[in-house]
Number of protein chains: 2
Amino acid sequence: MIMTRDRTFTLAVDALKEAGLRPTRQRVQLLHLLRAGGNRHLSADDLAREAKKIGLSVSLATVYNALNQFTQSGLLREVVIAPGISYFDTNIGPHHHFYFEEERRLQDIPVDAVSVSDLPPAPMGTKVARVEVVIRLESEQK
Amino acid sequence: MIMTRDRTFTLAVDALKEAGLRPTRQRVQLLHLLRAGGNRHLSADDLAREAKKIGLSVSLATVYNALNQFTQSGLLREVVIAPGISYFDTNIGPHHHFYFEEERRLQDIPVDAVSVSDLPPAPMGTKVARVEVVIRLESEQK
DNA sequence: TCAATAGCCTGGAATCGTTCCAAATTTAAT
DNA sequence: ATTAAATTTGGAACGATTCCAGGCTATTGA
């Protein structure tokens, strides 16, 4: 008799299929983990560490591969902050970012909280892939 | 008899002094080189290579030191594009950037060509250090 | 259902950009 | 000139990321 399957990962599996990525164990688990806990900004290392903590067996190379593939497929968005500091953002809708320099932390800004208008046209032969707004914050004390 | 000194580097020397940096031979030469040729976007390696080409004797470590010091003093602006790709921009006035993904090239956008308005207030205890707008472009061909 | 095959995962080595270090040199102040 | 402080240097070290070759796994289609 066919048992009802575990539905825990159905969403992740579907998302991967739709993105044209094979729903391998590692990718499914990582995507599921990424999507747990709302919108987040994680480094590759953060994700690898989280995965390890909950007992997933995934190599660091695979974490990098998966994050890059997810980003390319539009399942994630990458925000690069400084040489050697980059975060993957699970919020893929249009929005912007505050960056707290001291804390090295990102925070989403809803897209309607900033208006970017009168964009110059994309130069000939190109099209806009993305408009990125980062507001860098420093502690107020002088 | 005191000869008239070489004025070639006067501007660079003055800028360094004003920034509170000692006008050492290396810093003067590098700043001068940076400012030659209008607004530019150079990686550390680009600058080191250029310096070498014109016969300057500067170590790579010094190039990095100088670029970081110049950036901190407001003589330069750093634009980070991707993990491992960052440029130093000699244009320190307010402006934004196009980034051509394929060519890995930056291009300035005059500040008045984009309007960023209704910025949300900086969170309590912080102030805005900088607002960064990068318009990422990809080749138009499908 | 089960092989065949294309794609994926892995640990470790390699690479890249960047920073660190201690010694030697240079600058600025006396 | 002398001295103290700052700077430069080459090379080692570093952290993040990518590469690689071999073993595994998902998908295909017979």
Side-chain angles (χ1 to χ4, degrees), chain A residues 2 5-6 9-10 12-33 41-52 55-73 75-76 78-88 104, chain B residues 5 9 12-14 16-33 41-52 55-73 75-76 78-88 104:
Chain A
I2 307 292
R5 286 169 152 285
D6 183 356
F9 298 115
T10 306
V13 169
D14 292 349
L16 286 169
K17 282 183 183 163
E18 197 159 338
L21 295 170
R22 280 199 192 175
T24 63
R25 177 176 56 79
Q26 290 85 343
R27 297 211 270 233
V28 171
Q29 290 179 158
L30 289 176
L31 186 55
H32 181 75
L33 177 53
H41 306 101
L42 305 186
S43 69
D45 216 61
D46 291 338
L47 181 58
R49 195 161 24 248
E50 269 199 26
K52 189 169 196 178
L56 303 188
S57 164
V58 198
S59 76
L60 184 55
T62 296
V63 169
Y64 273 99
N65 287 339
L67 286 173
N68 289 333
Q69 291 152 357
F70 294 175
T71 300
Q72 275 196 279
S73 316
L75 260 27
L76 285 181
E78 186 171 10
V79 185
V80 182
I81 286 303
I85 307 181
S86 116
Y87 295 102
F88 294 88
R104 299 183 156 205
Chain B
R5 289 169 151 286
F9 298 115
V13 170
D14 291 350
L16 286 169
K17 283 183 182 160
E18 196 159 338
L21 296 170
R22 283 195 189 178
T24 62
R25 176 176 58 78
Q26 291 83 343
R27 296 210 272 232
V28 171
Q29 291 177 343
L30 287 177
L31 186 56
H32 181 76
L33 177 53
H41 305 99
L42 305 186
S43 69
D45 215 60
D46 290 339
L47 181 58
R49 194 160 25 247
E50 270 198 26
K52 190 169 196 179
L56 303 187
S57 165
V58 199
S59 76
L60 184 55
T62 297
V63 169
Y64 273 99
N65 287 340
L67 287 172
N68 289 333
Q69 292 151 357
F70 295 175
T71 301
Q72 274 196 281
S73 315
L75 258 28
L76 284 182
E78 186 171 11
V79 185
V80 182
I81 286 302
I85 307 182
S86 117
Y87 295 103
F88 294 88
R104 298 184 157 203

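Just so you know, these numbers come straight off a predicted model, no measurement behind them. Just so it is clear, the values below take in all heavy atoms, side chains as well, and ignore hydrogens, waters and symmetry mates. To find a chain, count down the sequence lines: A is the first, B the second, and so on, and within it residues start at 1.
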From the set [options], return the single nucleotide nearest to any side-chain atom of [X].
{"X": "Val58(B)", "options": "dT9(D), dT10(C), dG7(C)", "result": "dT9(D)"}
{"X": "Ser86(B)", "options": "dT10(C), dT18(C), dT7(D)", "result": "dT18(C)"}
{"X": "Ser59(B)", "options": "dT7(D), dT9(D), dT10(C)", "result": "dT9(D)"}
{"X": "Arg27(A)", "options": "dA6(D), dT10(C), dC8(C)", "result": "dC8(C)"}

How close or far is atom [atom2] of [N] from atom [atom1] of [X], stated in whole angstroms?
{"X": "Asn65(B)", "N": "dC20(C)", "atom1": "CG", "atom2": "P", "answer": "9 Å"}
{"X": "Arg25(B)", "N": "dT26(C)", "atom1": "CZ", "atom2": "C1'", "answer": "9 Å"}
{"X": "Leu21(B)", "N": "dT27(C)", "atom1": "CG", "atom2": "P", "answer": "15 Å"}
{"X": "Asp46(A)", "N": "dG15(D)", "atom1": "CG", "atom2": "C1'", "answer": "14 Å"}
{"X": "Tyr64(B)", "N": "dC16(C)", "atom1": "OH", "atom2": "P", "answer": "12 Å"}
{"X": "Lys52(A)", "N": "dT10(C)", "atom1": "NZ", "atom2": "P", "answer": "13 Å"}
{"X": "Phe88(A)", "N": "dA16(D)", "atom1": "CZ", "atom2": "C1'", "answer": "11 Å"}
{"X": "Ile81(A)", "N": "dT18(C)", "atom1": "CD1", "atom2": "C1'", "answer": "18 Å"}

Exercise for review: Between Val63(B) and Ala44(A), name the one whose nearest nucleotide on DNA chain D is closer to the 5' end.
Suggested key: Val63(B)
Revision key, fill the gap. Contacts of Pro23(A) and Glu78(A) projected onto DNA chain D by closest heavy atom; the upstream (5') one is Glu78(A)
So [Y] and [X], do their side chains get closer than 4.5 Å, heavy atoms only?
{"X": "Leu31(A)", "Y": "Leu75(A)", "result": "yes"}
{"X": "Ile81(A)", "Y": "Ser86(A)", "result": "no"}
{"X": "Arg27(B)", "Y": "Leu30(B)", "result": "no"}
{"X": "Arg22(B)", "Y": "Leu16(B)", "result": "no"}

Exercise for review: Map Ala61(B) and Ile85(B) onto DNA chain C by nearest heavy atom, then report which one ends up closer to the 5' terminus.
Suggested key: Ile85(B)
Exercise for review: Select from Gln26(B) and Asp45(B) the residue whose nearest nucleotide in DNA chain C is closer to the 5' end of that strand.
Suggested key: Asp45(B)
Practice item. Ignoring backbone atoms, test whether Thr24(B) places a side-chain nitrogen or oxygen under 4.0 Å from the OP1 or OP2 oxygen of dT8(D). Key: yes
Check your understanding: Hey, does the side chain of Thr62(A) come within less than 4.0 Å of dT10(C)'s phosphate (OP1/OP2), counting only N and O?
Key -> yes
Check your understanding: Should we say atom CZ of Arg25(B) is surrounded by more than 12 heavy atoms from elsewhere, each under 6.0 Å from it?
Key -> yes
